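Chain identifiers are assigned alphabetically (A, B, ...) following the order of the sequence lines, protein sequences preceding nucleic acid strands; residue numbering begins at 1 within each chain. Worth saying up front: this structure is predicted, and the values here are computed from it rather than measured.
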There are 2 protein chains.
Amino acid sequence: MHTQTANRSDAIRRSAVSSRNAAPVPKHQRDDAMDGHALEQSMQLMGAMMAYPRNSEIFGENEPADYLYKVVSGSVRTYKILSDGRRQIGGFYMPGDIFGLEFAYEHTLSAEAITDAKVLVVKRSTLNALAGHDASIARQLFALTACELRRVQDRILLLIKSAQERVASFLLEMSERVSGANSIELPMSRQDIADYLGLTIETVSRTLTSLECSAAIEVPTSRRIVLRNRLALSRMNG
Amino acid sequence: MHTQTANRSDAIRRSAVSSRNAAPVPKHQRDDAMDGHALEQSMQLMGAMMAYPRNSEIFGENEPADYLYKVVSGSVRTYKILSDGRRQIGGFYMPGDIFGLEFAYEHTLSAEAITDAKVLVVKRSTLNALAGHDASIARQLFALTACELRRVQDRILLLIKSAQERVASFLLEMSERVSGANSIELPMSRQDIADYLGLTIETVSRTLTSLECSAAIEVPTSRRIVLRNRLALSRMNG
DNA sequence: CGATGCGTTGATAACTTTCAAATTTAGTGG
DNA sequence: CCACTAAATTTGAAAGTTATCAACGCATCG
């Protein structure tokens with residue numbers, strides 16, 4: 001089923017690159033990237049730590065994609081502004097996630113800090129050179145790319161579904177990525193969520209209310225969401 | 001479904017023989033990788049030419065992604081069946097196009113011949129080995145991947161738009177890819193188009209009718225479409 | 001305070017799907 | 001080659017979903 005694949009790819013990405021992240025990664029999910037933390041260590045070693053204030057730009061569309069980025073703290077969104085003014089969010093990145101991996105010579109998206117964020121920045125050419133010497137780094141870069149592609153494909157599957165399915169999928173995805181626990185602290189606004197899911201903020205808000213009424217979730221504050229009935233949410237994923 | 005695998009290994013053995021008769025490659029496919037035809041030539045040389053009848057499976061989801069495929073004649077669709085029975089089409093591939101480039105160890109999509117098709121099949125490991133020796137091949141593989149990723153991202157942008165915008169975009173895309181001319185012969189059914197755009201066949205049909213009424217296109221037969229007003233179609237793209 | 005930004009809620013309109021039926025096209029056997 | 005059946009496409013009417021427009025509540029911050 002669809003949820004399965006989404007969760008799986010997330011887990012792979014996180015297991016490959018994240019270890020300072022508090023959330024423990026179940027063992028079976030590690031098997032996909034067995035060659036340890038070579039990439040992570042390299043990034044720590046060669047990377048520059050940068051601090052970005054809330055809503056500041058990390059890179060812009062059409063800039064050369066010379067760097068790879070790893071979120072250390074805070075969170076990040078990538079996005080694109082369409083000619084009609086609408087904004088499509090490409091993805092959200094949490095501590096441990098790697099972004100900027102667009103596999104082209106220029107960025108096709110812009111990136112901004114959602115909250116104040118610390119980001120490790122590494123020159124791509126450096127990593128490529130390392131990959132030439134260390135096959136485990138090459139494998140991890142390959143695995144990251146495969147994950148990114150799968151993530152984008154999963155989003156396509158998401159976008160052909162109903163509003164309720166999209167929101168439910170989003171909550172499950174965030175739960176996996178932020179903590180794995182039932183209580184989620186969302187770093188992003190309703191508008192961010194709407195632009196990610198291809199909905200309006202009103203529809204997102206109404207859908208959350210409706211999920212709350214059906215006892216699938218609780219919304220103590222607008223940024224905190226508690227999953228009360230995961231099974232019900234999963235069933236909505238088609 | 002399973003005959004294919006048997007045929008495949010058969011054909012691979014007599015690979016060098018059958019790869020002589022190559023179809024001309026559309027120009028746009030070349031533009032993406034400037035370092036000549038190294039990759040193309042390698043595929044011709046090392047690939048096995050396979051013939052797939054209409055609607056037959058080329059590979060299935062979850063099979064190991066050991067091969068790369070290049071359409072020589074006919075056309076191909078990749079797709080995924082969702083748990084609710086809906087089908088999402090991942091992409092259409094025309095002569096000259098390369099598919100199966102999913103950048104993971106297993107296919108995440110299935111592939112079928114839309115029409116009777118001839119396909120050049122090359123072992124991925126062979127290409128990787130070649131890429132190790134010939135940087136131009138490596139560059140072309142990289143460029144292909146970047147292209148594929150961008151195509152998927154563009155589709156996300158498509159899926160958040162209205163039915164009219166999706167159909168208009170689809171027609172312009174097909175025009176680019178099939179011939180560049182205004183008259184398009186579509187190899188795929190309305191259902192294929194609908195599953196590609198995340199719409200129903202009725203909506204696709206109605207939208208085409210409406211575009212015809214507004215004189216943007218002509219539909220002499222259901223499979224042939226003539227673009228009468230590209231500008232109008234482009235404007236719909238947002 | 002009053003202003004401002006964010007989120008929620010309501011009413012209505014626009015759009016897309018669904019279900020049903022008519023029409024055209026394609027394939028098959030006589 | 002025609003007739004016939006099956007499949008694909010188009011069209012219509014009704015229902016369902018989401019967007020739009022407008023108003024309201026609720027925090028935060030000068």
Side-chain angles (χ1 to χ4, degrees), chain A residues 54-55 77 82 84-89 112 114-116 158-171 184-214 217-225 236 238, chain B residues 53-55 77 82 84-89 114-116 158-171 184-214 217-225 236 238:
Chain A
R54 191 164 111 86
N55 290 328
R77 63 179 166 246
L82 282 69
D84 63 2
R86 288 183 68 173
R87 181 184 67 159
Q88 171 63 28
I89 287 201
E112 280 177 357
I114 295 180
T115 61
D116 291 350
L158 194 73
L159 289 178
I160 65 171
K161 297 195 285 186
S162 72
Q164 209 178 47
E165 292 171 317
R166 295 187 214 187
V167 172
S169 295
F170 171 77
L171 293 177
I184 317 170
E185 183 75 34
L186 295 174
M188 72 289 286
S189 69
R190 292 285 187 271
Q191 186 66 61
D192 285 338
I193 299 172
D195 290 348
Y196 180 68
L197 298 178
L199 299 169
T200 59
I201 55 172
E202 292 96 332
T203 299
V204 170
S205 180
R206 270 187 256 272
T207 304
L208 287 172
T209 304
S210 131
L211 287 175
E212 194 171 22
C213 287
S214 65
I217 64 171
E218 246 174 81
V219 190
T221 77
S222 74
R223 292 298 178 99
R224 170 162 296 282
I225 296 193
M236 292 174 194
Chain B
R54 191 163 113 84
N55 290 328
R77 63 179 165 247
L82 283 70
D84 63 2
R86 289 182 67 172
R87 181 184 66 160
Q88 171 63 27
I89 287 201
I114 296 179
T115 61
D116 291 350
L158 195 72
L159 288 178
I160 64 171
K161 298 194 284 189
S162 72
Q164 207 176 53
E165 292 171 316
R166 295 187 213 186
V167 172
S169 296
F170 171 75
L171 292 176
I184 317 171
E185 183 76 33
L186 296 174
M188 73 288 286
S189 70
R190 293 285 186 273
Q191 187 66 61
D192 287 336
I193 298 172
D195 291 347
Y196 180 68
L197 298 178
L199 299 169
T200 59
I201 53 172
E202 292 96 329
T203 301
V204 171
S205 181
R206 271 187 256 272
T207 305
L208 286 172
T209 304
S210 131
L211 288 175
E212 193 170 20
C213 287
S214 65
I217 63 171
E218 246 173 82
V219 190
T221 77
S222 74
R223 294 298 179 97
R224 169 162 296 283
I225 296 191
M236 292 174 193

Check your understanding: What closest approach, in Å, do A:P187 and A:I114 show between heavy atoms, and which atom pair accounts for it?
Key -> O-CG2, 3.2 Å
Check your understanding: Quick one: A:D84 CG to D:dA19 P, roughly how many Å, whole number?
Key -> 14 Å
Check your understanding: Hey, does the side chain of B:R190 come within less than 4.0 Å of D:dT10's phosphate (OP1/OP2), counting only N and O?
Key -> yes
Practice item. Please report, rounded to the nearest Å, how far the P atom of C:dG5 is from the CG atom of A:D192. Key: 16 Å
Revision key, fill the gap. Of D:dT9, C:dG7, D:dT20, the nucleotide closest to the side chain of A:S222 is C:dG7
**Study point:** Contact residues, residues 195-205 of chain B to DNA chain C [heavy atom, < 4.0 Å]
**Key:** B:G198, B:L199, B:T200, B:E202, B:T203
Check your understanding: Contact class for B:R166 (heavy atom, under 4.0 Å): base, sugar-phosphate, or nothing?
Key -> nothing
Review point. Taking the side chain as C-beta and beyond, is there a heavy-atom pair between A:Q88 and B:I160 under 4.5 Å?
Key: yes
**Study point:** Spacing between B:L208 atom CG and D:dA8 atom C1', to the nearest angstrom
**Key:** 14 Å
Point to revise | Whole angstrom value for the distance that separates P of D:dT9 from CE of B:M188 | key: 12 Å
Review point. Hey, does A:S162 reach any base, or is it just sugar-phosphate, or nothing, if we go heavy atoms under 4.0 Å?
Key: sugar-phosphate
Study note, to complete from the structure: In whole angstroms, the gap separating P of C:dT12 from CZ of A:R206 amounts to 13 Å
Point to revise | Rounded interatomic separation in angstrom, taking CD from B:E165 and C1' from C:dC15 | key: 12 Å
Review point. Roughly, in whole Å, what's the span from CD in B:Q191 to C1' in C:dA26?
Key: 18 Å
Practice item. Would you check if there is a donor-acceptor pair between the side chains of B:E165 and B:S162 at a distance under 3.5 Å? Key: yes
Exercise for review: Just jot down the side-chain contact (heavy atoms from CB on, under 4.5 Å) partners of B:R54, sequence neighbours excluded, or say none.
Suggested key: B:D116
Exercise for review: Compare the minimum distances between each of D:dT10, C:dT16, C:dT8 and the side chain of B:A163, then state the nucleotide with the smallest one.
Suggested key: C:dT16
Review point. Are a donor atom and an acceptor atom from the side chains of A:T207 and A:S210 found within less than 3.5 Å of each other?
Key: no
**Study point:** Test side chain to side chain contact (heavy atoms under 4.5 Å, CB included) applied to A:L197 and A:L159, A:T203, A:I89, A:V167, the passing residue
**Key:** A:V167
Revision key, fill the gap. In whole angstroms, the gap separating P of C:dA26 from CZ of B:R54 amounts to 11 Å
Review point. Are any of B:R223's side-chain N or O atoms less than 4.0 Å away from OP1 or OP2 of D:dT9?
Key: yes
**Study point:** Student check: side-chain heavy atoms of B:I201 and B:I193 closer than 4.5 Å
**Key:** no
